[in-house]
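Since the model is a prediction, treat every value here as computed from it, not as a measurement. A note on names: the letters A, B, ... follow the listed sequences, proteins ahead of strands, and every chain is numbered from 1.
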There are 2 protein chains.
Amino acid sequence: MTAVPSPADGQLPLRVALVEDQRATRESWSRLISSFSDFTCVCACATAEEALLLVPQSKPNVILMDIFLPRMSGIECTARLKAVLPKVPIVMLTASDEDETVFQALQAGANGYLLKRTEPAALRAALLDVLNGGAPMTSEVARRVIDSFHTKKPNREKPINLTAREEETLVLLTKGYSNKEIAEHQNLSIETVRSHLKNVYEKLHVRSRTEAVVNYLSKQKE
Amino acid sequence: MTAVPSPADGQLPLRVALVEDQRATRESWSRLISSFSDFTCVCACATAEEALLLVPQSKPNVILMDIFLPRMSGIECTARLKAVLPKVPIVMLTASDEDETVFQALQAGANGYLLKRTEPAALRAALLDVLNGGAPMTSEVARRVIDSFHTKKPNREKPINLTAREEETLVLLTKGYSNKEIAEHQNLSIETVRSHLKNVYEKLHVRSRTEAVVNYLSKQKE
DNA sequence: GCTGGGCTCACCCGATTGGGGGATTTTAAT
DNA sequence: ATTAAAATCCCCCAATCGGGTGAGCCCAGC
């Protein structure tokens, strides 16, 4: 959609920052990136701490970040860099296939996710993709991300029929209101609110407002 | 990773089912798919109802589903087909860029998501991708999916320092436990729990357990 | 026309919660 | 060694909450 940002859209090579703890990998990736005519690796850091210091100064157009770093993880580092450079896309790199880290990284602000065994051509494509606002991912990773959308829904039960008032009351509950506040908010007697709430509790099989709120909010998230 | 499933991995063409209400589009896509030597369009339905009837019989290896269908949406249809054919990947098609539908479709069980203006070659690649367990998406869509992981964080405030015990107590609150239950769970006096809770309330600037829970859960979601 | 469900409200009662004081001990940091 | 913060526990008190029971009112469907 939008054109590649930053370097005046001219012929200046796109600036890549790399964070990777293993020296051999770091150096070979750095060389690989600079070998592309339209890219240059302007920063190659070995640790998260170093990255926080040097990456912002190197004014990169895109950042490649290893997930596993000593001490501070690449995820934490991603979150912190995003705070300083919110516009610069960050692509995570990982050798392995842990499920958890994918989401943590994405939640930390990562824009893409690549396995380290990516081919040079695919790496270049991914860099261009993310610079154009895309979200490069390998098939496997995309699959896992998508899977997180279908996650466990053995929810074949009845959808629980709350009446209009009961629903309203429940929603106000989830705003943190007390019964009195809900009553005022709806121009009802406190007793009526309590009455609706009793019905809600029964229908949701809970015994307290907190349980009801947790129950309701967790269903919203799905 | 895994090889393309089903047709004995021999030379049998891969079976595609198509659900698309607009006749012109449906027929041209159907022809396009069958024009690939390794694919054949075995079913082209105009409505969700028709799809629910014919698609399972046509034993497809993959399903292409338009999002916008008359009466029952492609999303609802996807959910129902997934109930019958859980293993068959479904790729959603859409002409427009609505944000909401993406997630609804993915939650309904869609495995990929393509814009209709996809090139023939890219369509073929996407079909192969999803059959190999990938999750084909255009850059734009992938971007939106990824964005859903970083949503809203104008949270530049201080991170609120809860002590270990306070945090534990708060977490148990969000499980819907009462003070007594928390006390038992942690082998503490109820008074201690109340004490921690008072501190939590003060730090979070809330006045009730429900507010604390809402506050905490909303931060988790980000 | 009757019935049932939803909505409204009321009263009682015991348990829980929130807010206000403390006090003591353990742990960590200076 | 001194100090500060954290963690533990206690008591009091008023307010809120959860559960039970019951009672009118209105509207839609049979």
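Atoms CG (A:Leu188) and P (C:dG6) sit 17 Å apart, rounded to a whole Å. Rounded to a whole Å, the CG atom of A:Leu170 is 12 Å from the P atom of D:dG18. With rounding to whole Å, B:Asn199 atom CG is found 12 Å from C:dG19 atom P. B:Ile182 places its CD1 atom 12 Å from the C1' atom of C:dT16, with the value rounded to the nearest Å. One atom, CD of A:Gln186, and another, P of C:dC7, lie 11 Å apart when rounded to the nearest Å. A straight line from CG of A:Leu172 to P of D:dC17 spans 13 Å, rounded to a whole angstrom. Rounding to whole angstrom units, CD of residue A:Glu167 and P of C:dG5 are separated by 20 Å. The nearest whole Å value for the distance from the CG atom in A:Leu162 to the C1' atom in C:dC7 is 15 Å.
When each of C:dC7, C:dG19, D:dA7 is scored by its nearest atom to the side-chain atoms of A:Thr163, the top-ranked nucleotide is C:dC7.
OP1 or OP2 of D:dT8 lies within a sub-4.0 Å distance of a side-chain N or O belonging to B:Arg165. Put simply, A:Tyr201 has a side-chain N or O that comes within less than 4.0 Å of OP1 or OP2 on D:dG18. Between A:His196 and C:dC7, a side-chain N or O to OP1/OP2 separation shorter than 4.0 Å is absent.
To the nearest 0.5 angstrom, B:Tyr201 atom OH is 6.5 Å from B:Ser208 atom OG. Taking CD of A:Glu184 as the reference point, atom CG of A:Asn179 lies at 11.0 Å (rounded to 0.5 Å). Here A:His185 contributes atom NE2 and A:Leu172 contributes atom CG; the two are 5.5 Å apart, rounded to the nearest 0.5 Å. Distance check: A:Glu50 CD to A:Cys43 SG gives 7.0 Å after rounding to the nearest 0.5 Å.
Pairs of residues two or more places apart, or lying in two chains, that qualify as salt bridge (Lys or Arg N to Asp or Glu O under 4.0 Å) and include a residue from residues 189-202 of chain B are B:Glu191-B:Arg194.
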A:Tyr216/A:Glu167 under side-chain contact (heavy atoms from CB on, under 4.5 Å): CA gap, chis, key distance, verdict: CA-CA 10 Å; A:Tyr216 183 82; A:Glu167 172 101 31; 3.4 Å; yes
Given B:Asp66 and B:Arg26, is the salt bridge (Lys or Arg N to Asp or Glu O under 4.0 Å) satisfied, shown in steps? CA-CA 10 Å; B:Asp66 187 20; B:Arg26 183 175 64 252; over 6 Å; no
Which protein N or O atoms sit under 3.5 Å from an N or O of nucleotides 10-16 of chain D?
{"from": "D:dC10", "atom 1": "OP2", "to": "B:Ser189", "atom 2": "OG", "distance (Å)": "3.2"}
{"from": "D:dC11", "atom 1": "N4", "to": "B:Glu191", "atom 2": "OE1", "distance (Å)": "3.4"}
{"from": "D:dC12", "atom 1": "N4", "to": "B:Arg194", "atom 2": "NH2", "distance (Å)": "3.4"}
{"from": "D:dT16", "atom 1": "OP1", "to": "A:Lys180", "atom 2": "NZ", "distance (Å)": "3.0"}

